[in-house]
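Below you'll find the structure, written out as C-alpha cells, and then a few comments.
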Amino acid sequence: MLSRASTGSGGGEEQPTLPVTEQEQTAAALRLMEVARRSPEFAREVAEWAREASWLAPRAVPAVACGASRPQMLPPTTAVFTDREDVIAWITALLDDADPVQGAPTIAALTGPGGIGKTAVAVQCAYALRERFPDGILFVDLAGASSGTALSPSDVLARFLERLGVPPAMVPGDEARQRDLFRDCTADRRMMVVLDNAHADAQVVPLLPASPGCLVLVTSRHRLSRLVAEHGARPLVLRPLSTADAVLLLRRVAGSERAAAPDAVVQAVAEAAGGVPLALCTTGAGLAVREHLAWERVARQLSERIHGQGQGGDAMRSGSTDDARGTVDPVRHAQDASYSELTPECAAFYRAIAGWAWPTVTVMCAAHAAGVGEDQARASLEQLAGVHLLEEVGEERYRFHDLARAHARELAAAEDGHGGISAGVRRVAVGHLRWAAEADFRVMPLRWRLGPAYRGLVLPEDRDPADGKHALADLRRERENLAAVIRAADHHGFDDLVWQLCEAMWGLHLLLGFHAQWIDTHLLGVEAARRCAAEFGDRRAVGRMLVQLAFGYMGTGRADDAEEVLAQAVAADEACGHHRGQASAVEALGLLRLKRWKYAEAQRCFEEAREILGRIREGDDGWEDLPRATALLEHHIGRAQTRQRHFAEALARLNDALVRFRRLPEGGDTYNEGRVYMSLGETHLDAGDADLARVCLDKAVKAMEQAGAGLQLADVFESRARCHSLSDRPAEAAEDLRTAAVHYEENGDRVGAERIRMTLAELEA
C-alpha cells in the first residue's frame with residue numbers, strides 16, 4: 001500500500017504497487033482507515049480512495065449500506081387473475097419442505113409457451129408469499145424473447161443494487177464486482193427475487209443470491225437445464241387453463257356489462273382461445289371496449305382464422321396460419337381478431353411502433369415512429385392498451401408483450417416493407433437525438449461538444465436554478481430507451497445519428513455512471529464515427545468517441561483499456577488536426593494518471609494538454625471553449641502538485657484557476673469555482689494551515705449551495721470538519737459532520753453517511 005510519506009517532498013515519485021487481490025484490497029482498506037483514525041490530516045485521501053470503488057473496491061464498504069433497504073419492486077397484479085392455486089401450493093410446499101443448505105436459495109422455475117401466463121402467475125405467487133420475505137422483493141423483466149432483447153446481468157445487478165440502497169456512484173462498473181456486492185447485500189436476508197422472462201441460464205445465474213433464506217422465482221419459455229442441474233432449481237411447466245377457468249377469465253376481462261352472452265357462445269370463444277390466458281385477455285379486452293362487438297362475431301372470426309378463412313388479406317392469413325407442427329396458435333388468432341377491428345390509422349400506428357424492441361413505448365417514441373403528433377399518438381396508445389395489444393406500465397409508458405410485438409412486426413414487414421420500418425426507426429432516432437441534446441445542454445451548458453444537434457441551443461434568461469438537475473433526471477429516466485435507440489440506429493446503418501446520440505448522453509454518463517451501458521453504446525459510437533470519417537463525415541468524432549469510451553473504462557477499473565483507447569484518440573485527433581479534441585484526450589490521460597497515483601506523470605499530461613490548446617486560433621473549433629478548458633487544466637495541475645506536496649506551486653495554480661473560472665461568461669462557473677475552493681482548502685490543510693483552509697472551505701460551502709451540488713456540499717462539510725478537528729474545535733467539527741451526514745443521506749450516499757456517523761461516534765466518545 002502506498003503511504004503519503006513515500007511520496008516525499010522533493011519532487012521524486014515512487015511507483016506504487018496497487019493492491020490487486022481481494023485480500024490485498026481489504027488489508028489496504030483496513031490500514032487506510034486506521035491511518036485516518038490516527039492522523040486526521042490524511043483522512044481526505046482515505047475518504048477519496050475509499051470512494052473510488054472501481055479502483056480500490058473493499059467489498060464491505062458498500063455492503064454496509066444495504067441492510068436498511070426493503071425493496072418492493074413487484075408490478076401490480078391483475079384483478080382478473082384466475083386459477084393457478086396449484087402453483088402457489090407447489091411453491092409453498094417447496095419452501096416448507098426445503099432442507100436449508102448454506103448459500104443455496106430455493107429456486108422455482110416456471111416454464112411454458114408465450115402467453116401462457118407465466119408473469120401473472122409469478123407476480124400473483126409473490127404477492128401471496130411476500131409475508132414470508134420481510135427483507136423485500138426484487139423484480140425484473142429480463143426481456144428474454146430473444147438474445148438481442150435480453151437484458152445483461154450487469155444492467156439488472158446495477159438496478160438491484162440501487163434498490164438495495166447502494167448509491168449509484170458506489171455501484172461497481174463490472175459484472176463480477178456487481179455480482180459479489182449483490183451477494184453481500186443479500187447475505188443472511190430473507191428476500192424474494194423474481195426473474196421474469198429469462199432467455200437462458202447464463203442470464204439468471206449471476207442474479208442468484210447466496211442465502212438459504214431467499215426464494216428465486218424464474219419464468220422462461222426455455223428449459224433452464226443448468227439452473228436445475230447445478231443450482232437445484234425445481235421446474236414446473238404451466239399448462240393452458242381448463243375450459244371452465246378459461247370461460248371464467250374471459251367473462252372477467254369482458255366485464256359484467258357483457259355477461260348476458262349465452263354460455264355456449266362464450267365457451268366457443270374460450271375454446272377457440274385454447275385456454276391460453278394472453279389470447280383470452282386479448283379477446284376479452286376487445287369485447288370490453290367495443291360494446292357493439294357481438295360475442296357471436298368474435299367466435300366466428302376466431303373460427304374462420306383457425307380454419308384459414310380470414311378476410312384480412314395475405315398478411316393476415318400468413319399471420320394466422322398454424323405453426324410447422326400443425327398446431328393452432330390461439331394467441332395469434334386472438335391478435336388477428338383484435339387487429340381486424342382497429343381503424344386503418346390505428347392499425348398503421350400499431351405496425352409502426354413495433355419497428356424495434358423499445359424497452360418502453362413512450363408518447364414521444366410512438367409519435368416519431370408513426371410520424372404523427374403527440375396527441376394522436378397518446379390516443380392511439382390508449383386504444384391499443386384498451387384491446388390488450390399493449391400494456392400500460394407507467395404514466396404514458398407502454399410495453400408490448402413480445403408476442404404482440406412479433407405480430408405487429410410481421411404485419412409491418414408485409415404491409416409497409418423494410419423501407420417503411422427503417423424510416424420509422426430513423427424518425428425515432430432523430431427525435432430522441434434532438435430531445436437528448438437539449439437535455440444534455442441544460443445539464444452542462446458550458447462544456448464543448450460536437451454535432452449539429454447542438455446548433456442554436458440557448459438557455460432561457462429566467463432559467464430555474466434546478467433546471468440542470470431536472471434535465472439530468474429526465475435523461476436518467478430515458479437512458480434504457482436511449483441505449484435502445486443507439487442500437488436500432490446502428491442496426492439500420494444510421495452512423496451519423498449513432499455517434500451523436502452517444503455525444504448527447506455524455507452528461508448522463510459522466511455524472512451518473514451506468515458504465516456497462518456506457519461502454520456498450522460507445523463501442524458502437526466509435527465504429528460509427530470511424531465509418532462516417534471514411535465516408536466524408538466528421539473526422540473529429542472518432543477521437544471524441546474514443547475519449548468518452550475511455551472514461552467508461554476508467555469507471556470500471558479497466559485502466560489498461562482506457563490507456564489504449566486514449567492513445568488512439570490522441571492519434572486520431574492529431575491526424576485530423578483537431579487540437580481541442582487532442583487536448584481533451586491528453587487531459588484524460590492525465591486524469592488516468594491521477595487515479596493511478598502517478599502524480600508527476602499526470603502533471604506532465606496536463607501541461608502538454610495546455611500546450612496543445614495554445615495551438616487553437618480564433619475561429620478554430622474549441623476557440624470559444626479555451627477559457628474554461630484552460631481553467632480546468634490549471635485546476636488539475638494544482639491538484640497534481642498538491643499530491644506531490646509542492647504546496648506553494650499548487651496554491652498559485654489553484655488561485656489562477658479560480659480567477660479564470662470567475663471570468664467565464666454567463667456569471668462564471670459556480671460549480672467549478674466551488675471545486676477549486678475545495679482543492680485550495682485541502683491543499684492548505686495538507687500544508688498545515690488550518691485557518692486558511694477554513695476560509696477556502698467556507699467559500700466552497702457557499703458555492704456548492706448555490707450550484708445545488710449536494711454530494712460535493714457534503715464533501716466540503718466533511719473537509720471543514722477535519723479543519724475544525726485540527727484546530728481543536730470539536731463542537732464545530734461535530735456540527736459540520738452532522739450536516740454532511742444529512743447531505744449524504746439526501747443524495748443517496750448511505751456509505752458517506754455511515755462513514756460520518758462512525759467518525760462522529762469516535763469524536764463524541
Criterion side-chain contact (heavy atoms from CB on, under 4.5 Å) on Leu713 and Thr739, from CA distance to verdict: CA-CA 9 Å; Leu713 186 58; Thr739 304; over 6 Å; no
Cation-pi geometry met for Arg544 and Trp506 (6.0 Å, 45°): yes
Stacked cation flag Arg449 on Tyr454, 6.0 angstrom / 45 deg: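 Relative to the ring axis of Tyr454, which defines the angle, Arg449 lies inside both limits.
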State the [atom1]-[atom2] distance between [X] and [Y], to the nearest 0.5 angstrom.
X      : Y      : atom1 : atom2 : value
Ile137 : Tyr127 : CD1   : OH    : 7.5 Å
Ser152 : Leu157 : OG    : CG    : 8.5 Å
Trp435 : Asn481 : CH2   : CG    : 9.5 Å
Lys118 : Thr219 : NZ    : OG1   : 6.0 Å
Leu524 : Asp490 : CG    : CG    : 4.5 Å
Leu227 : Arg234 : CG    : CZ    : 11.0 Å

For the student: nearest non-hydrogen atoms of [X] and [Y], plus distance:
X      : Y      : value
Thr362 : Cys365 : OG1-N, 3.1 Å
His199 : Gln203 : N-OE1, 2.8 Å
Ala122 : Leu217 : O-CD1, 3.8 Å
Ala143 : Asp141 : N-OD1, 2.9 Å
Ala437 : Ala504 : N-CB, 3.8 Å
Pro209 : Thr186 : CB-OG1, 3.4 Å

Give a yes or no on whether a salt bridge exists between [X] and [Y], defined as a side-chain N under 4.0 angstrom from a carboxylate O.
X      : Y      : answer
Asp520 : Arg479 : no
Arg558 : Glu563 : no
Arg70  : Asp135 : yes
Arg476 : Glu162 : yes
Asp440 : Arg447 : yes
Glu391 : Arg397 : no

Ring geometry between Phe551 and Trp518 (parallel below 30°, tilted from 30 to 60°, perpendicular above 60°):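 Correct class here is parallel.
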Phe717 and His743 aromatic ring geometry - parallel, tilted or perpendicular at 30°/60° bounds: parallel
Derivation and outcome, side-chain contact (heavy atoms from CB on, under 4.5 Å), residues Arg675 and Met704: CA-CA 8 Å; Arg675 295 285 294 177; Met704 291 306 178; 3.7 Å; yes
Derivation and outcome, side-chain contact (heavy atoms from CB on, under 4.5 Å), residues Leu381 and Ile353: CA-CA 10 Å; Leu381 288 167; Ile353 62 176; 4.3 Å; yes
Audit row: Ser211, Asp188, side-chain hydrogen bond (donor to acceptor under 3.5 Å, both in side chains) steps and yes/no: CA-CA 6 Å; Ser211 171; Asp188 302 319; 5.5 Å; no
Residue Arg463 excluded, over 12 heavy atoms near CZ under 6.0 Å: yes
Exceeds 12 heavy-atom contacts within 6.0 angstrom, atom CD of Gln72: yes
Verdict with supporting geometry, His509 and Gln517, side-chain contact (heavy atoms from CB on, under 4.5 Å): CA-CA 9 Å; His509 287 309; Gln517 182 187 88; 3.4 Å; yes
Worked check of ring-ring contact (aromatic ring centres under 6.0 Å, His included) between His491 and Trp356: CA-CA 10 Å; His491 176 81; Trp356 192 262; 5.2 Å; yes
